[in-house]
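The structure under discussion appears below in the form of structure tokens.
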Amino acid sequence: GPMKRWSAAAAAAAFLCWSAVAQPAAPSPSANYFANLTLVDQDGQATDLYTLMKGRTIVLNSFFASCTGRCPVMAGTFNPIQERFAARMGKDLVLVSITVDPKNDTAAKLKSYASGAKAAAGRYFLTGTPQQVDAALKRIGQSVTAPEQHMNVIIVGNEKTGLWKKAFGLAKPEEIVEIVRSVLDDDGTTPAK
């Protein structure tokens, strides 16, 4: 009777749902793009860039510790971000600054820079060998031949939803905070601009 037909359909639907869940998730485009970029954080820990961003929103820039020009302005921009999203820092939000001067910026130097910048948990300052650093900078489009040429661009990406935006690092902090909020709160339905 009709009851039997319904249960067959329900069983088929249940099977389809199960098989969809059982498929291993395809790696996100970010997983492929940011694969194999190992750097060292300010605590001297080897850190994989993709692992840092996986399932999270990442705010990424390049800088160097001895920079007296635009870096302090950009570092200053990161503080309003970590204040505004304090509850989410290190959970679904990470702030990552990659040095463009790995020869001078040791982990120890970045550690003291981090404390000077009042960096909260979930904020990473990354260095590594010149080769490691250059590979990472190339991947984010911020490779330079001299530290002074580093770019004043902040990249904000939601690894889960695939929404990525760029912010001008010298823009008003509230404008940058708003870009971060829009990417952090993206639910995957926002058409990319």
Listed partners of Ala114 passing side chain to side chain contact (heavy atoms under 4.5 Å, CB included), at least two apart = Gln42, Ala119, Phe125

Closest heavy-atom contact between Asn152 and Phe168?
-> O-CD1, 3.5 Å

Does the side chain of Thr38 come within less than 4.5 Å of Gln132's, by heavy atoms?
-> yes

Interatomic spacing from CH2 in Trp164 to OG in Ser30 - rounded to 0.5 Å | 5.0 Å

Asp134: side chain to side chain donor-acceptor pair (under 3.5 Å) partners, not counting sequence neighbours | Lys138, Ser143

Are Glu159 and Lys54 close enough that some pair of their side-chain heavy atoms sits under 4.5 Å apart?
-> yes

In short, Leu39 meets Ala136 closest at the heavy-atom pair CD1-CB, 3.9 Å

Ile140 with Val40, same ILVMFWY side-chain cluster at under 4.5 Å | no

Which pair of non-hydrogen atoms, one from Asn104 and one from Lys109, has the smallest distance, and what is that distance?
-> O-CD, 3.2 Å

By side chain to side chain donor-acceptor pair (under 3.5 Å), Thr145 pairs with (sequence neighbours left out) Gln149

Non-hydrogen atoms of Pro102 and Gly128 that approach each other most closely = CB-O, 3.3 Å

Residues two or more places apart in sequence or in another chain: which of them pass side chain to side chain donor-acceptor pair (under 3.5 Å) with Thr51?
-> Asp48

Any side-chain heavy atom of Asn61 sitting closer than 4.5 Å to one from Ile155?
-> no

If you round to the nearest 0.5 Å, how far is CG of Leu93 from CE of Met53?
-> 12.5 Å

Starting at NZ of Lys165, measure out to CD1 of Ile154 and round the result to the nearest 0.5 Å.
-> 14.0 Å

With a 4.5 Å heavy-atom cut-off, do Pro130 and Lys103 have their side chains touching?
-> yes

Under 3.5 Å, side-chain donor or acceptor atoms of residues 81-91 against the rest of the protein: list the pairs with distances, not counting sequence neighbours.
| residue | atom | partner | partner atom | Å |
| --- | --- | --- | --- | --- |
| Gln82 | OE1 | Ala120 | N | 3.1 |
| Gln82 | OE1 | Arg123 | NH1 | 3.2 |
| Gln82 | NE2 | Lys118 | O | 2.6 |
| Arg88 | NE | Asp92 | OD1 | 3.4 |
| Arg88 | NE | Asp92 | OD2 | 3.2 |
| Arg88 | NH1 | Asp185 | OD1 | 2.9 |
| Arg88 | NH2 | Asp92 | OD2 | 3.1 |
| Arg88 | NH2 | Asp185 | OD1 | 3.3 |
| Lys91 | NZ | Ala87 | O | 3.1 |

For Thr127 and Asp105, test the side chains for any donor-to-acceptor distance below 3.5 angstrom and give the result as yes or no.
-> no

When rounded to the nearest 0.5 angstrom, what is the spacing between CG in Leu184 and OG1 in Thr57?
-> 4.5 Å

Quick one: are Leu60 and Ile98 in side-chain contact, heavy atoms under 4.5 Å?
-> yes

Minimum heavy-atom distance between Val133 and Thr99, given as atom pair plus value | CG1-O, 3.1 Å

Rounded to the nearest 0.5 Å, how far apart are CG of Asp101 and CG of Leu110?
-> 9.5 Å

May I ask you to check whether Tyr33 and Tyr50 place their ring centers less than 6.0 Å from one another?
-> no

ILVMFWY network linking Val94 to Phe34, side-chain heavy atoms under 4.5 angstrom = yes

Pairwise side-chain contact, Phe63 with Val100, heavy-atom cut-off 4.5 Å (strictly under) = no

With sequence neighbours left out, write down each residue that passes side chain to side chain contact (heavy atoms under 4.5 Å, CB included) with Thr47, or none if nothing qualifies.
-> Asp41, Gln45, Leu52, Leu126

For Tyr124, which of Val96, Ile58, Asp43 qualifies under side chain to side chain contact (heavy atoms under 4.5 Å, CB included)?
-> Val96

Do Leu137 and Ser62 come within less than 4.5 Å of each other through their side chains, counting heavy atoms only?
-> yes

Looking only at non-hydrogen atoms, find the nearest pair between Lys160 and Gly55 and report the distance.
-> NZ-O, 3.5 Å

